[in-house]
Amino acid sequence: MSQAGLQTIVDIAKSVDAYVLCDEVYRHLTQEDGYSPSIIDLYDKGISTSSFSKVFSLAGIRLGWLATHDQAVMKACLSYRDYETISCGQLDEMVGTLALKNQAVLLERNRGIVRENLKVLEEWVHQQPHITWLKPKAGTTALLYYDFDLPSTIFCDRLMKEYETLLVPGSCFDIENSLRIGYAFETAHLRDGMNQLGKFLAKLEQEAR
């Protein structure tokens, strides 16, 4: 989120003395350079959660964190954690420490991947008469909207069975006639997937005639 967007939320929260819990797992994985503010940069009652899974591409180590200036909240969270988790794996913590020491390198690499792949996806979308979208400014996923009279679950089931390509139906997010696509992986695989999706869209066009 932009700083202006976050500040709007902060202003509303301040007016009723509310906390704001912000999942910042995609923070800094943006399409443009620049600092991405955290909720705790803007608000004493802000609570930030994140992990190594997205920006650092280290989902396997299953580590994350919570940050806040509110000491009462932190004390309560630490107390709850003591009941839930005895300890984390030492190897996981070693990998996480190494990642944090080299976070600039990892961020540059992963930004490069999502920026290049979003360009590839954008070119493909512009070539598809039945697909529209709102181009993402950050993150690793996008929603593709289609204009066929076909529920998204059926769309995705057929796409998987007939073209061995997997997308998430928009109905999972209560946004029908849409598909969620991820683009944070090998560019060649993304191109292959979009090629298969394009074939399926052409088939649907033939069926609609």
- request: Take T30 and R111, measure what side-chain contact (heavy atoms from CB on, under 4.5 Å) needs, and give me the verdict at the end.
  value: CA-CA 7 Å; T30 55; R111 273 181 171 173; 3.4 Å; yes

Quick one: do [X] and [Y] end up in the same hydrophobic cluster if we chain Ile, Leu, Val, Met, Phe, Trp and Tyr together by side-chain heavy atoms under 4.5 Å apart?
X    : Y    : result
L121 : L201 : yes
L150 : Y145 : no
W133 : Y183 : yes
L204 : W124 : yes
V55  : I39  : no

Inter-residue atom distance [X].[atom1] - [Y].[atom2], 0.5 Å rounding:
X    : Y    : atom1 : atom2 : answer
I113 : L190 : CD1   : CG    : 12.0 Å
F52  : S57  : CZ    : OG    : 12.0 Å
L167 : L143 : CG    : CG    : 10.5 Å
Q3   : Y35  : CD    : OH    : 9.0 Å
F148 : E205 : CZ    : CD    : 6.0 Å
K45  : K14  : NZ    : NZ    : 11.5 Å

Within the side chain of [X], is there an N or O that forms a donor-acceptor pair under 3.5 Å with the backbone of [Y]?
X    : Y    : answer
R115 : E32  : yes
D41  : S38  : yes
H69  : I40  : yes
S178 : L144 : no
S171 : S152 : no

message: Go through it in stages, so that I can follow the logic: the residues are Y43 and I9, the test is side-chain contact (heavy atoms from CB on, under 4.5 Å), and I'd like the CA-CA distance, side-chain angles, deciding distance and then a yes or no.
response: CA-CA 10 Å; Y43 190 33; I9 294 172; over 6 Å; no

- prompt: Which word best sums up how the rings of F200 and Y163 line up, parallel for under 30°, tilted for 30 to 60°, or perpendicular for over 60°?
  reply: tilted

What are the two closest non-hydrogen atoms of [X] and [Y], and how far apart are they?
X    : Y    : value
P136 : T141 : CG-O, 3.6 Å
F56  : L100 : CZ-CD2, 4.1 Å
T165 : G193 : CG2-O, 3.9 Å
S48  : E24  : OG-OE1, 2.7 Å
E93  : C88  : OE2-CB, 3.5 Å
L179 : C156 : CD2-SG, 3.7 Å

Sequence-distant partners of N177, side chain to side chain donor-acceptor pair (under 3.5 Å), two or more places apart: none

- request: Give the C-alpha distance, both sets of side-chain angles, the deciding distance and a yes or no for side-chain contact (heavy atoms from CB on, under 4.5 Å) between M194 and V120.
  value: CA-CA 10 Å; M194 291 187 301; V120 171; 3.3 Å; yes

I'd like to know whether [atom1] of [X] has more than 12 heavy-atom contacts from other residues, nucleotides or ligands below 6.0 angstrom.
X    : atom1 : result
R158 : CZ    : yes
K203 : NZ    : yes
Y80  : OH    : no
D82  : CG    : yes
E207 : CD    : yes

query: Please, which pairs that meet salt bridge (Lys or Arg N to Asp or Glu O under 4.0 Å) have at least one residue in residues 174-196, sequence neighbours excluded?
result: none

query: Side chains of E116 and T187: donor-acceptor distance under 3.5 Å anywhere?
result: no

- request: Check which hydrophobic residues are tied to I47 through side-chain heavy-atom contacts below 4.5 Å, counting indirect links as well, and list them.
  value: Y19, L21, L66, V73, M74, L78

message: For Q7 and V10: C-alpha separation, side-chain torsions, deciding distance, then whether side-chain contact (heavy atoms from CB on, under 4.5 Å) applies.
response: CA-CA 5 Å; Q7 189 61 55; V10 167; 3.8 Å; yes

query: Is any side-chain heavy atom of L106 less than 4.5 Å from a side-chain heavy atom of Q103?
result: no

message: Could you tell me if the side chain of V125 sits less than 4.5 Å from the side chain of K135, heavy atoms only?
response: no

